[in-house]
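Here is the naming used below: chain letters follow the sequence lines, and residue numbers restart at 1 for every chain.
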Amino acid sequence: MTDRPSRPVRVRFAPSPTGSLHIGGLRTALFNYLYARRHGGSFILRIEDTDQKRFDPTALQTLMEALQWAGLQWDEGPEVGGPYGPYVQSERLAIYQQWANWLVENGKAYKDFNANTRPADVPFDKEARKQAYREKAARNEPLTITPPSCRDLTPDEVAEREARGESYVIRFKMPQSGETIVQDYIRGEVRFDNQTQQDAILLKEDGYPTYHLAHVVDDYLMQISHVMRANEWLPSYPLHAQLWWAFGWEMPIYVHLPVMLNPNGKGKISKRNPPKDKFGNIIPVMVHDYIAAGYLPEAMVNFLTNIGWNFGDEREKFTQAEAIERFDLDRINEANSAYPVEKLQWLNGEYIREMEPLELAKRLKPVLEKAGYEVNADFLLKVVPLVQTRIKSLNDIIPMAGFLFREEFIPATADLLIQKKMDAAQTAMALQRSLEILSALKDFSTAALQEAIQPLTESLGLTNSQLFGVLRVAVTGQTISTPTFETMDILGQAVSIARLKQALETLRSSLEKPIPA
RNA sequence: GGCCCUAUCGUCUAGCGGCCUAGGAUGUCACCCUUUCAAGGUGAAGACACGGGUUCGAACCCCGUUAGGGCUACCA
């Protein structure tokens, strides 16, 4: 098989709007998008909102925001429209009902009136669910209501029960013997024994379709050429294939993508059990958390493209345009992968470092403003070179250089001011002498500061690290900060000197205090 | 429990029967640079899950075991 498509490429991303976009969903969308662009095809966004219980009115907007942030513009779908709309499934109910009835009329599906045999709610939690299945199996109880007794009702019986106003669902008549052989682009042929299959519900009691029906009908009507979806759908693929065959429609190519697992490889990455990094920090799962955390869309896209697929040439860093040029289905991995967050950190840092300072400033501005700082563009541009190699995410600028944008200054305590192998008296002396020099300075530029202060290390018998460290903490209030002289330059002479004096005061009062026992 | 998928350094991956004494990246560690933190430079440690086949030859093909993941809903 080759991934040269035999018909116009039309792929879709079909999320269920239950919240913000999941990071795994973004990757699925991305693979679809890359493939569409690679072959000059169309990328379609379809909203699968057929579960009224999980309806979230804000989700659609958030979802589209996330896709747009990542630069995945859809050619057809909500807002942009298209020739095969509507693209929201809840607006297509009549279509699904029509086709469900067509299946019934043609003997491929049937009305099931046994609403009272509906199984109790399946536990949502994965472990609990698994446990429930195990227990049922141990008691030799049927796991589900198979086979439903309405499968072989006569037309008269059906008409009679319908006339009585009994509610029903429409179930698919799955073949009860033989096997269903399906083709997955990545895995090849997969076989399922039909005896292990059940008659899935296509149309619910409320008239809404299930995913199974809706996606087949829509993919047909929208002329989808490739169904690229997460591999958790593989077990229901035989159902879907049988549906295509029952309708007599030409099937698209199905591509079951590997999924992303928690960083420790245990379980699918999920927001319900948020994964943690090695420091115990929660790793975001939703795209919006990454936006809020200051990740760059270009880094995110690069990162995600590298999981389950790789660029080749041993290149880790590439643009989306470059990825489009050589994206192919044949090199998609079949195995799931643990979510490698640390690579995202690294890549994000790489993108920050190679960015034009002006561009970085533009992206940093809203972050600072969100933190409550007023930002002068020229001033920010002076700060950018000092933070560019030091931040891995946009938000890192707050702890690193937030003090430059704050009105109020939080002075350091004496123990922070005192550097390694120094005492309070020595530190005070260093500050005193520095103050004398700096007060007299006419030129307060980085180079001049360096030149003026440097000789002091020798006369005080200190290392650069010690003396500059004292000044750093005095001026920034932090032990980790932007470089000392550059920072003083930006802060200006008056502010710098005021802070040095303040530090000196802190040390003097600590010297006067009796040493605690 | 049943069914399905998967298995190369900690992690993401290259490899598609001889180019493999298994390559890259990240992470880790060491050293250099150094004004803290970074960045940068140099280097090190680190993997074909296991057992059978097939073959002159196997990380690559087949079978089994083990492990992981998924599905088993009137959720997608």
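B:A47 and B:U11 have their C1' atoms separated by 12 Å, given to the nearest Å.
Between A:N306 and B:C12 there is no side-chain N or O to OP1 or OP2 distance below 4.0 Å. Contact check, A:N264 against B:G68: no side-chain N or O comes under 4.0 Å of OP1 or OP2. For A:T196, no side-chain nitrogen or oxygen approaches OP1 or OP2 of B:C4 to under 4.0 Å. Taking 4.0 angstrom as the limit, A:K268 places none of its side-chain polar atoms (N or O) nearer than this to OP1 or OP2 of B:G68. For A:K130 and B:G70, the shortest distance from a side-chain N or O to OP1 or OP2 is not below 4.0 Å. Considering only side-chain N and O atoms, A:R390 lies nowhere under 4.0 angstrom from the phosphate OP1 or OP2 of B:U36.
Look at A:K382 and A:E486 and you find no salt bridge, because none of the NZ, NE, NH1 or NH2 atoms lies under 4.0 Å from a carboxylate O.
Side-chain atoms of A:K204 and A:I170, non-hydrogen and from C-beta on, never get closer than 4.5 Å to each other. Looking only at side-chain heavy atoms (C-beta outward), A:F13 and A:M228 stay at 4.5 Å or farther from each other.
Of the residues in residues 337-348 of chain A, those lying under 4.0 Å from RNA chain B by heavy-atom distance are A:S337, A:A338, A:P340, A:E342, A:K343, A:W346.
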Determine, for nucleotides 29-35 of chain B in 5'-to-3' order, which nucleotides have protein heavy atoms under 4.0 Å from the base (write B), from only the sugar-phosphate (write S), or from neither (write -).
-> ------B
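When Watson-Crick and G-U wobble pairs are counted only if both distances are under 3.5 Å, B:U26 pairs with B:G10.
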Criterion salt bridge (charged side-chain N to carboxylate O under 4.0 Å, His left out) on A:E298 and A:R363, from CA distance to verdict | CA-CA 13 Å; A:E298 47 271 67; A:R363 306 223 198 180; 2.6 Å; yes
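With sequence neighbours excluded, the residues satisfying ring pair (Phe, Tyr, Trp, His ring centres under 6.0 Å) with A:Y220 are A:W249. Evaluation of the ring pair (Phe, Tyr, Trp, His ring centres under 6.0 Å) rule for A:F444 yields no partner, not counting sequence neighbours. Applying the salt bridge (charged side-chain N to carboxylate O under 4.0 Å, His left out) rule to A:D218 yields the partners A:R46, A:R92; only residues at least two apart in sequence or on another chain are considered. Residues meeting the ring pair (Phe, Tyr, Trp, His ring centres under 6.0 Å) test with A:Y87, sequence neighbours left out: none.
The distance from atom CZ of A:R315 to atom P of B:A14 is 17 Å, rounded to the nearest whole Å.
Nearest to the side-chain atoms of A:K392 among the listed nucleotides B:A38, B:C71, B:A76 stands B:A38. Comparing B:G15, B:C75, B:C4 against the side chain of A:T210 picks out B:C75 as the nearest. Of the candidates B:A76, B:C5, B:U13, B:U13 carries the atom nearest the A:I307 side chain, counting heavy atoms from C-beta on. Each of B:C75, B:U36, B:A39 was ranked by its minimum atom distance to the side chain of A:R353; first place goes to B:A39.
Counting any heavy atom pair closer than 4.0 Å across all strands shown, A:E48 reaches sugar-phosphate atoms only and no base atom.
In this structure, A:R161 forms no cation-pi arrangement with A:Y168, as its terminal cationic atom is not both closer than 6.0 Å to the ring centre and no more than 45° off the ring axis.
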